[in-house]
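Written out below as structure tokens is the structure these notes cover.
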2 protein chains.
Amino acid sequence: MDAEKRKQLEAAGWVVGNTSDFLGLTPAEAELVELKTRLALLVKEQRKVHNLSQDALAQKIGSSQSRVAKIESGDPSVSLDLIVRALFNTGATRQQLAQVILDSE
Amino acid sequence: MDAEKRKQLEAAGWVVGNTSDFLGLTPAEAELVELKTRLALLVKEQRKVHNLSQDALAQKIGSSQSRVAKIESGDPSVSLDLIVRALFNTGATRQQLAQVILDSE
DNA sequence: TGCAAATATGTCAAATCTGACATAAAATTA
DNA sequence: TAATTTTATGTCAGATTTGACATATTTGCA
């Protein structure tokens, strides 16, 4: 595993451990983590494109600023449901969602 | 659904009159429900394509037969995380996932 | 038909995710 | 610069989701 990527994941709170531990993840598990991370970044991008503060987005999804911050930082306590719910509320399209999925390595 | 709201949705390009609208969901919420429903169906398709029983798939994702049944039936207690985790464990590709998202009405 | 495998449905305690809150830090503005 | 807004981080009780289990129903096949 790329050291830089592990650093990013750990900084985001994912329990990564050493390289062999990461390789111990099944491909399916790794794909899910990768997917959530990329969608989280898209939320941040879209929110900024539409000039929304984290607090404004939080209102739209009935949540709080601190949780939106966690969504965007890829916090492991955040569900895929919440990420996608946030995405759709930033005005992101299904096409953008699909593109991110296709791009996920 | 009240006429004014219908007018607004139609002006925004939404096809009104389906189940989601009846339930009073926002467009974003409706998209999420639609997405989960379609992905749930893909899980069932993929599982059968690969000749897996619900119990066999359950083992792969560390769950149980009854929960796999709930995933595939679109049970509201099932998270998007679990649906996607199941999907990847049936051998579904990111391409298939993206296609379903693009096809969602 | 009868039987076995597969699937569906309801329940529940435990695990996970949640919004809310406090507060710190960073960014933006005056 | 200081003041204001925005974002980040930690915590936690309540809500949601979970696997497991029991059991009913359906399906497929001899």
Side-chain angles (χ1 to χ4, degrees), chain A residues 7-17 25-26 28-30 32-33 35-37 39-92, chain B residues 23 25-26 28-30 32-33 35-37 39-92:
Chain A
K7 207 169 169 186
Q8 293 174 345
L9 286 176
E10 287 175 343
W14 295 98
V15 177
V16 176
L25 292 180
T26 66
E29 288 167 352
L32 183 56
V33 170
L35 183 53
K36 291 179 72 169
T37 301
L39 292 178
L41 293 178
L42 182 58
V43 169
K44 190 165 195 171
E45 282 178 19
Q46 283 294 299
R47 178 178 62 79
K48 293 196 169 180
V49 164
H50 290 85
N51 285 315
L52 292 171
S53 64
Q54 289 183 343
D55 196 57
L57 176 53
Q59 308 289 39
K60 280 177 174 283
I61 64 176
S63 184
S64 61
Q65 177 271 324
S66 61
R67 186 134 299 271
V68 171
K70 288 177 175 68
I71 290 173
E72 296 183 354
S73 69
D75 190 290
S77 79
V78 176
S79 72
L80 183 55
D81 296 71
L82 189 59
I83 295 172
V84 175
R85 180 171 293 113
L87 252 189
F88 284 145
N89 277 281
T90 61
Chain B
L23 293 175
L25 302 179
T26 66
E29 287 168 344
L32 182 56
V33 170
L35 184 53
K36 290 178 72 168
T37 301
L39 292 177
L41 293 178
L42 183 57
V43 169
K44 190 164 193 169
E45 282 178 19
Q46 283 294 301
R47 179 178 62 79
K48 293 195 169 180
V49 164
H50 290 86
N51 286 315
L52 292 171
S53 64
Q54 290 183 342
D55 197 57
L57 175 54
Q59 308 290 36
K60 281 177 173 283
I61 64 176
S63 183
S64 61
Q65 177 271 323
S66 61
R67 186 133 299 270
V68 171
K70 289 177 175 68
I71 291 173
E72 296 183 353
S73 70
D75 190 290
S77 79
V78 176
S79 72
L80 182 55
D81 296 70
L82 190 59
I83 294 172
V84 174
R85 180 171 291 113
L87 251 189
F88 284 144
N89 277 281
T90 62

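Letters go in sequence order (proteins before strands), and every chain restarts at 1.
Taking both residues in full, the closest heavy atoms of A/Ser64 and A/Ala58 are given as C-CB, 3.3 Å, listed atom of the first, atom of the second, then distance. Closest approach of A/Ile83 and A/Val43 over heavy atoms only: O-CG2, 3.8 Å.
Counting heavy atoms from C-beta outward, B/Ser63 and B/Gln54 have side chains that stay 4.5 Å or more apart. Looking at heavy atoms from C-beta onward, B/Thr90 lies out of side-chain contact with B/Val49 at the 4.5 angstrom threshold. Between A/Leu80 and A/Leu32, some side-chain heavy-atom pair lies under the 4.5 Å cut-off. Counting heavy atoms from C-beta outward, B/Val68 and B/Glu72 have side chains that approach closer than 4.5 Å. Looking at heavy atoms from C-beta onward, B/Lys36 lies in side-chain contact with A/Asp81 at the 4.5 angstrom threshold. Between A/Leu82 and A/Arg67 the shortest side-chain heavy-atom distance falls below 4.5 Å.
Residue side chain A/Gln65 reaches the base of D/dA8 through a donor-acceptor N/O pair under 3.5 Å, judged by distance alone. Taking only distance into account, the side chain of A/Lys70 never meets the base of C/dG19 through a donor-acceptor pair shorter than 3.5 Å. A donor and an acceptor atom never sit less than 3.5 Å apart when one is taken from the side chain of B/Ser64 and the other from the base of D/dC21.
Remark: C1' of D/dT9 and CD of A/Gln54 are 12 Å apart, rounded to the nearest angstrom. Residue B/Arg67 contributes atom CZ, which lies 12 Å from atom C1' of C/dA15 at whole-angstrom precision. If you measure from atom NZ of A/Lys48 to atom P of C/dA26, you get 15 Å, rounded to the nearest angstrom. Across the protein-nucleic acid pair, A/Asp75 atom CG and D/dC12 atom P stand 16 Å apart, rounded to whole Å. Here C/dA20 presents its P atom at 13 Å from CD1 of A/Ile71, a figure rounded to the nearest Å. One can place CD1 of B/Ile61 at 16 Å from P of D/dT17, the figure rounded to the nearest angstrom. The CG atom of A/Leu52 sits 14 Å away from the C1' atom of D/dT7 (whole-angstrom rounding).
Side chain of B/Lys44, nearest nucleotide from D/dT9, C/dA20, C/dA8: C/dA8. Which of C/dG10, C/dA22, C/dG19 sits closest to the side chain of A/Ser63 comes down to C/dG19.
The residue B/Val78 sits close only to the backbone: its heavy atoms come under 4.0 Å of sugar-phosphate atoms, none of a base. Among the protein residues, B/Ser66 comes within range of the nucleic acid bases, having at least one heavy atom under 4.0 Å from a base atom.
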**Request:** Begin from the C-alpha positions of A/Ile71 and A/Leu57 and carry the test side chain to side chain contact (heavy atoms under 4.5 Å, CB included) through to its verdict.
**Result:** CA-CA 11 Å; A/Ile71 290 173; A/Leu57 176 53; over 6 Å; no
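Remark: the B/Ser73 side chain and the B/Asp75 side chain contain no N/O donor-acceptor pair separated by less than 3.5 Å.
For A/Ser53 and D/dT6, the shortest distance from a side-chain N or O to OP1 or OP2 is not below 4.0 Å. Here B/Arg47 reaches the OP1 or OP2 of C/dT7: one of its side-chain N or O atoms lies under 4.0 Å away.
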Between the protein and nucleotides 28-30 of chain C, list the N/O to N/O atom pairs that are separated by less than 3.5 angstrom.
none

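Proximity of residues 79-91 of chain A to DNA chain C (heavy atom under 4.0 angstrom from any strand atom) is restricted to A/Ser79, A/Leu82.
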